[in-house]
Amino acid sequence: MSEPARVLHARLHLLDRQVVRESDDRLLCKVDDLEVRPGDRPYVTAILSGPLALGPRLGGLPGWLMTETDRLFRDEERPGPYRIEMSLVTEIGSAVRVAGRRQDLALERWLTRNVVGRIPGAAGVEEQDAPDRALRVRERWEDRPDTLRLGGLIGRTVRGPAGEVAGNVADVRLVQDGPLLAEVHQAFRTAGLLIARRRAGQLFGYERGPGLWRPSLLGALVRRMHGEIRYAEWDQIESLDDEEVRLRVAWDRLRSTADL
């Protein structure tokens, strides 16, 4: 009998977590966004980090300032976010642990050479430990036209089939039953969206799962902040664009999060 696939929620379990190297617990970066390969069964392909990942997710003036300032100090014509393949991820817990040799984790090398190495008294990077082929620490976003960013889904307005506003995307449910990545482990598939009637910040997991215990006061606070919360399977989504999500079915046909 096969074990059930692991289930995570992107905002609750992945976004903003620290990324550390498995071999020595060295801090590398944070999960600022996730790259997703779209399709009938979309799945997460990479961790994205840095101002060009976090800025678009934040949005507004702070996000614009973050991205434009980073572009100003980049050498490339069209820079993109730092990227770590999901096939390198070995554990997802209080932190995300990744495997790989030093030169495989090019983001760490760039930070050491361009940030830490410029601090007076800090040790520099030994170039003999950094072959040229390993110095490419980012990929132009234009080189990856067949992907989308998962963080951009959170907070989007959700509309029903008739165009009525149903709520806002509060989180994205991920199930580890996607394609095999680099013959290491299966990818996390984007299985569906948690939709809250009102936009009121992050959920904390108390609203999902059958029979899940939660303090009554906290449960009341969650309901007051977010209103009713329901779950849309991926095949119940008609379309996605830069601003909105359109559902195939009406709100009352969506599952309760208590069933997750």
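Side-chain contact between Thr45 and Val36: absent, with no pair of heavy atoms (C-beta onward) separated by less than 4.5 Å. Inter-residue side-chain proximity for Pro179 and Tyr43 is flagged as met; some heavy-atom pair is nearer than 4.5 Å. Residues Phe188 and Arg6 meet the side-chain proximity criterion, which asks for heavy atoms closer than 4.5 Å. Between Val96 and Val20, every side-chain heavy-atom pair lies at or beyond the 4.5 Å cut-off. Between Asp32 and Leu48, every side-chain heavy-atom pair lies at or beyond the 4.5 Å cut-off. Taking the side chain as every heavy atom from C-beta outward, Leu174 and His9 never approach each other to under 4.5 Å. Trp251 is listed as a side-chain neighbour of Arg197, based on a closest heavy-atom distance under 4.5 Å.
Between Arg97 and Asp25 there is a salt bridge, with a side-chain nitrogen of the basic residue lying less than 4.0 Å from a carboxylate oxygen of the acidic one. With respect to Glu35 and Arg149, no salt bridge is recorded, no charged nitrogen being found less than 4.0 Å from a carboxylate O. In this structure, Arg41 pairs ionically with Asp177, as a charged nitrogen and a carboxylate oxygen lie closer than 4.0 Å. In summary, Asp33 and Arg57 do not engage in a salt bridge, as defined by a charged side-chain N under 4.0 Å from a carboxylate O. For Glu244 and Arg156, the salt-bridge test fails: no basic side-chain N is under 4.0 Å from an acidic carboxylate O.
For the residue pair Arg37 and Thr147, the shortest heavy atom distance occurs at NE-CG2, 4.2 Å. The two residues Leu14 and Leu34 have their closest heavy-atom pair at CD1-CD1, 3.9 Å. For the residue pair Pro42 and Pro38, the shortest heavy atom distance occurs at CB-CA, 3.9 Å. Closest of all the heavy-atom pairs between Gly55 and Met66 is N-SD, 3.6 Å. Across all non-hydrogen atoms, the minimal contact from Gly160 to Ala166 is N-CB, 4.4 Å. Contact between Gln176 and Ala5 at its shortest, heavy atoms only, is O-CB, 3.6 Å.
Linking ILVMFWY side-chain heavy atoms closer than 4.5 Å, directly or via other members, places Leu58 and Val169 in two distinct hydrophobic clusters. Side-chain heavy atoms closer than 4.5 Å link hydrophobic residues (I, L, V, M, F, W, Y) into clusters, and following such links, even through other members, never connects Leu52 to Ile154. Under the 4.5 Å side-chain heavy-atom criterion for Ile, Leu, Val, Met, Phe, Trp and Tyr, Leu150 and Leu181 are members of the same hydrophobic cluster. Cluster membership check: Leu148 shares its hydrophobic cluster with Ile84, using side-chain heavy-atom separations under 4.5 Å among Ile, Leu, Val, Met, Phe, Trp and Tyr. The hydrophobic clustering, which links ILVMFWY residues whose side-chain heavy atoms are closer than 4.5 Å, places Val175 and Leu15 apart.
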**Request:** Would you sort out whether Ile92 and Leu8 count as a side chain to side chain contact (heavy atoms under 4.5 Å, CB included), showing the intermediate values?
**Result:** CA-CA 9 Å; Ile92 299 174; Leu8 298 178; 3.9 Å; yes
**Message:** For a side chain to side chain contact (heavy atoms under 4.5 Å, CB included) check, start with the C-alpha distance between Leu193 and Ile237, then their side-chain angles and the critical distance, and finish with the verdict.
**Reply:** CA-CA 9 Å; Leu193 305 177; Ile237 298 170; 3.6 Å; yes
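Within the 3.5 Å criterion, the main-chain N or O of Trp64 finds a donor-acceptor partner in the side chain of Thr67. Of the possible donor and acceptor atoms, none in the side chain of Glu238 sits under 3.5 Å from a partner among the backbone N and O of Leu247. When atom types are taken as modelled, the side chain of Gln236 and the backbone of Glu233 share a donor-acceptor pair closer than 3.5 angstrom.
Separation of atoms CD (Gln18) and OG (Ser49) is listed at 9.5 Å; rounding is to 0.5 Å. If you take NZ on Lys30 and CG on Leu54, they are separated by 7.5 Å, rounding to the nearest 0.5 Å. Atom CG in Leu254 sits 11.0 Å away from atom OG1 in Thr257 (nearest 0.5 Å). Atom CG of residue Leu180 and atom NE2 of residue His185 lie 9.0 Å apart, to the nearest 0.5 angstrom. Residue Leu153 holds its CG atom at 8.0 Å from OG1 of Thr190, rounded to the nearest 0.5 Å. Considering CD of Glu228 and OG of Ser256, their distance stands at 7.0 Å, rounded to 0.5 Å.
For the side-chain hydrogen bond (donor to acceptor under 3.5 Å, both in side chains) condition, the pairs that include at least one residue of residues 86-96, sequence neighbours left out, are Glu22-Thr90.
For Arg253, the side chain to side chain donor-acceptor pair (under 3.5 Å) test picks out no residue, with sequence neighbours left out.
The cationic atom of Arg173 (NZ for Lys, CZ for Arg) does not lie both less than 6.0 Å from the six-membered ring centre of Trp234 and within 45° of the ring axis.
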